[in-house]
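To keep things clear, I will list the structure first and then write my remarks on it.
No hydrogens, no waters, no symmetry mates; every other heavy atom, side chains included, goes into these values.
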Amino acid sequence: MAKKNDLDPETEALIAWCTDVEGFLVAGGATRDQAQTHIEEQIEWFTDLFFDGLTPQEAAKEALA
């Protein structure tokens, strides 16, 4: 596994963003495991939302819809 220092800033930002999305999914009723699994299974979709400029809260809202 790559060390944090080996990640480019864009990847670090995406990881931090997904972590924030996870928190909103949990706040919306998912368990932490469910939120993590959903993000992992739908990472391409979440990555698109990240690059489309959605906030973590907006992305979680889309995922919970």
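- For the pair T19 (side chain) and I15 (backbone), a donor-acceptor distance under 3.5 Å is present.
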**Item:** Stepwise side chain to side chain contact (heavy atoms under 4.5 Å, CB included) check, K61 with F24
**Value:** CA-CA 8 Å; K61 188 176 180 180; F24 286 111; over 6 Å; no
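- The structure places CD of E44 at 12.0 Å from CG of L49, a figure rounded to the nearest 0.5 Å.
- Both I39 and L14 belong to a common hydrophobic cluster when Ile, Leu, Val, Met, Phe, Trp and Tyr are linked at side-chain heavy-atom distances under 4.5 angstrom.
- Across all non-hydrogen atoms, the minimal contact from F46 to A63 is CZ-CB, 3.9 Å.
- Here CD of Q36 is found 11.0 Å from SG of C18. Values are rounded to the nearest 0.5 Å.
- I43 and L64 fall within a single hydrophobic cluster, where Ile, Leu, Val, Met, Phe, Trp and Tyr side chains are chained together by heavy-atom contacts under 4.5 Å.
- In Q57, the CD atom is not crowded: 12 or fewer heavy atoms of neighbouring residues, nucleotides or ligands sit closer than 6.0 Å.
- Identified under the salt bridge (charged side-chain N to carboxylate O under 4.0 Å, His left out) test for residues 17-39, with sequence neighbours left out: E22-R32.
- Remark: side-chain polar atoms of Q34 are paired, donor with acceptor, to backbone N or O of T31 under 3.5 angstrom.
- The main-chain N or O of L54 is found under 3.5 Å from a side-chain atom of W17 such that the two form a donor-acceptor pair.
- In terms of the side-chain contact (heavy atoms from CB on, under 4.5 Å) criterion, residue partners of T37 (sequence neighbours excluded) are, by chain and number, E41.
- Hydrophobic cluster membership is shared by L25 and F50, with clusters built from Ile, Leu, Val, Met, Phe, Trp and Tyr side chains linked at under 4.5 angstrom.
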